[in-house]
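Notes to accompany the following structure.
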2 protein chains.
Amino acid sequence: MGTAERREREKEYRKQMIIEAAEKVIFTKGYEKATMDDVAAEAELSKGTLYLYFKSKEEVYLALVLKGMKLLREMFAEAVAKEPNGLCKVRAIGETYIRFNREYPNYYHALMFYQGLEVNLESEAAMELKTFHESKDAMKLFTSVIEEGLKDGSIRKNVDSEKTALLLWGESSGVLQLIASKGHALTNHFNVEPEELINYFMEFTFHALKAD
Amino acid sequence: MGTAERREREKEYRKQMIIEAAEKVIFTKGYEKATMDDVAAEAELSKGTLYLYFKSKEEVYLALVLKGMKLLREMFAEAVAKEPNGLCKVRAIGETYIRFNREYPNYYHALMFYQGLEVNLESEAAMELKTFHESKDAMKLFTSVIEEGLKDGSIRKNVDSEKTALLLWGESSGVLQLIASKGHALTNHFNVEPEELINYFMEFTFHALKAD
DNA sequence: CCAAAAAATGACCGTTAGTCAGTAAATAGA
DNA sequence: TCTATTTACTGACTAACGGTCATTTTTTGG
């Protein structure tokens with residue numbers, strides 16, 4: 001009697017449908033403007049049903065954050081695979097993050113939303129936990145490629161792999177965030193194009209990282 | 001007949017009183033949890049009156065952002081005054097930003113809120129405009145000390161003062177943001193103390209900046 | 001076919017940002 | 001000092017939204 005298993009699958013399917021509906025609505029109107037009634041209508045369900053699958057609006061959004069984080073981690077893994085040494089892999093991760101920011105701005109927004117959240121790993125919010133683990137995995141990959149760079153000599157000695165990974169993560173998020181919110185003003189008031197600033201960031205960072 | 005002038009002063013005074021009340025309430029309960037009724041009660045005014053002085057809750061909060069930005073800019077100016085050369089001044093600005101983050105976490109939060117806002121300099125929001133100008137002034141100071149460092153030889157050639165100022169602003173905000181939201185997890189899951197990461201950031205950055 | 005369980009519904013609730021018609025206070029002219 | 005007018009203030013009210021729950025509909029297993 002595989003009924004229970006089928007029900008499980010159907011439940012998971014419904015959940016995915018809700019996530020897709022939420023994605024459409026939230027990525028169009030933005031998190032604040034999007035209402036749970038909008039999502040319910042898009043999913044062709046009643047609002048009450050949404051709350052059988054997610055315990056709050058935030059939890060729904062965190063499902064999108066998780067999707068984004070998974071996507072990013074996969075992109076990192078793929079980008080790293082082709083590169084010859086540690087430093088190139090670090091660079092590839094950086095470029096991938098920038099590409100992610102450009103190609104999936106909505107997911108990037110979602111990730112920034114998560115970054116703004118104070119982690120509460122004791123909370124009941126399953127999504128938050130999963131997202132944290134996903135980001136931890138991405139960070140592990142990042143750390144390991146820096147270690148590789150130390151071993152193969154492409155990265156200068158006396159950098160700490162774990163701290164550097166965290167540092168570059170924070171730094172690049174900050175720079176992209178600055179550009180995302182103030183990009184237009186950058187062009188008009190500082191004569192700096194967003195693109196230029198990003199290139200400058202890469203140059204600056206790799207100057208500090210490479211051996212010799 | 002100085003009546004009009006006195007009224008002007010009194011109006012400004014009321015506005016300041018409202019800002020003080022908002023500060024108490026918002027810094028205690030947080031922006032989301034604080035209600036306009038709370039602020040009104042604290043200011044001993046009716047809610048309607050608040051809306052004669054500010055056009056929205058966000059506008060009230062932006063007044064706090066502006067206060068924070070002014071404070072930060074003053075701290076920068078003071079910190080820079082005592083230093084002997086450009087590189088030291090840059091370092092002093094960095095350390096001041098970190099101190100600001102530690103000593104005025106509520107104002108720092110407010111600044112992050114502003115950083116997350118997409119600038120709209122055409123909007124009617126006077127506060128946003130003022131805040132932007134304040135931050136632009138801080139940035140000018142930052143740019144000028146980097147130029148000073150280039151002239152006095154403490155900072156390596158081929159750094160661009162304007163881009164570097166923007167870059168360091170974005171980078172440091174990102175790192176502090178990471179620590180603010182994920183600091184506890186950093187300690188538990190990555191064996192990195194927030195303090196360490198900040199020191200590492202400073203070291204890493206000045207390695208990339210200094211001459212030779 | 002039926003009773004029990006599971007899933008879904010949507011009217012309803014509490015809260016809160018923002019409004020506005022009405023009231024109170026201050027001002028200026030006589 | 002009295003009064004008309006402008007200015008400042010009030011708080012009941014509205015609209016909107018996140019979240020709940022008693023009720024209904026659908027599915028399941030015998």
Side-chain angles (χ1 to χ4, degrees), chain A residues 1-22 24-26 28-64 113 117 123-128, chain B residues 1-22 24-26 28-64 113 117 123-128:
Chain A
M1 195 140 327
T3 311
E5 289 79 357
R6 198 205 62 216
R7 269 230 282 273
E8 202 67 23
R9 278 201 314 277
E10 279 176 358
K11 230 171 162 172
E12 185 53 36
Y13 178 76
R14 267 265 185 283
K15 198 165 184 173
Q16 290 308 317
M17 290 300 105
I18 293 171
I19 291 174
E20 273 177 38
K24 254 186 216 165
V25 174
I26 293 177
T28 306
K29 308 177 76 169
Y31 179 67
E32 299 295 341
K33 292 265 180 88
T35 71
M36 290 300 266
D37 284 299
D38 291 337
V39 176
E42 180 66 40
E44 293 173 296
L45 290 168
S46 75
K47 184 159 62 161
T49 305
L50 299 190
Y51 286 90
L52 298 174
Y53 291 86
F54 296 92
K55 66 180 238 305
S56 67
K57 187 185 177 186
E58 187 175 306
E59 187 82 355
V60 172
Y61 194 47
L62 280 172
L64 301 183
F113 174 85
L117 242 57
S123 85
E124 282 300 302
M127 286 298 167
E128 202 180 333
Chain B
M1 192 130 340
T3 311
E5 288 79 357
R6 197 205 62 219
R7 269 230 281 270
E8 202 67 22
R9 278 201 312 279
E10 280 176 357
K11 227 170 164 173
E12 184 53 37
Y13 177 76
R14 267 263 185 285
K15 198 165 184 173
Q16 290 309 317
M17 290 301 105
I18 293 172
I19 291 173
E20 273 177 38
K24 254 186 216 165
V25 174
I26 293 176
T28 305
K29 308 178 76 170
Y31 179 69
E32 300 293 342
K33 291 265 182 86
T35 73
M36 290 298 266
D37 283 301
D38 291 338
V39 176
E42 180 67 39
E44 293 173 298
L45 289 168
S46 76
K47 183 160 63 161
T49 305
L50 300 191
Y51 285 90
L52 298 173
Y53 291 86
F54 297 91
K55 67 180 235 305
S56 67
K57 187 185 177 186
E58 186 175 307
E59 187 82 356
V60 173
Y61 194 47
L62 279 172
L64 301 183
F113 174 85
L117 242 56
S123 86
E124 282 300 302
M127 285 301 168
E128 203 180 330

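Owing to the predicted nature of the structure, the values given are computational and were not obtained by experimental measurement. Numbers restart at 1 for each chain; the letters A, B, ... are given by sequence-line order, proteins then strands.
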(request) On DNA chain D, check which nucleotide each of A/G48 and A/E32 is closest to and give me the residue with the more 5' one. (result) A/E32
Whole-Å distance separating the [atom1] atom of [X] from the [atom2] atom of [N]:
X	N	atom1	atom2	value
B/M17	D/dC9	CE	C1'	18 Å
A/E10	C/dA8	CD	P	9 Å
B/R14	C/dA26	CZ	P	10 Å
A/E44	C/dT9	CD	P	10 Å
B/Y51	D/dT7	OH	P	24 Å
B/M36	D/dG11	CE	P	16 Å
A/K15	C/dA8	NZ	P	13 Å
A/K47	C/dC13	NZ	P	14 Å

(request) Locate the shortest heavy-atom distance separating A/K11 from A/Y53; write the atom from each residue and the value. (result) O-CE2, 3.6 Å
(request) Please answer whether the main-chain N or O of A/A34 pairs with a side-chain N or O of A/K57 as donor and acceptor at a distance below 3.5 Å. (result) yes
Sugar-phosphate, base or nothing in reach of [X], heavy atoms under 4.0 Å:
X	answer
A/A34	sugar-phosphate
A/A43	nothing
B/Y53	sugar-phosphate
A/L52	base

(message) What verdict does the side chain to side chain contact (heavy atoms under 4.5 Å, CB included) test give for B/M36 and B/V60, after you've listed the backbone C-alpha separation in whole Å, the side-chain angles of each residue and the deciding distance to 0.1 Å?
(response) CA-CA 9 Å; B/M36 290 298 266; B/V60 173; 4.0 Å; yes
(message) With side-chain contact (heavy atoms from CB on, under 4.5 Å) as the test, pick out the partner of B/K47 among B/D38, B/V39, B/D37.
(response)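 Testing B/K47 for a side-chain contact (heavy atoms from CB on, under 4.5 Å) against B/D38, B/V39, B/D37 leaves exactly one candidate, B/D37.
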(request) Using only heavy-atom distances, determine whether the side chains of B/E20 and B/Q16 contain a donor-acceptor pair under 3.5 Å. (result)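 Checked: B/E20/B/Q16 side chains show no N/O donor-acceptor pair below 3.5 Å.
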(message) Among D/dC9, C/dG18, C/dA8, which nucleotide has an atom closest to any side-chain atom of B/T49?
(response) D/dC9
Can you see if the side chain of [X] gets near the phosphate of [N] - specifically, an N or O under 4.0 Å from OP1 or OP2?
X	N	answer
B/K57	C/dA17	yes
A/S46	C/dT9	yes
B/T35	C/dT16	no

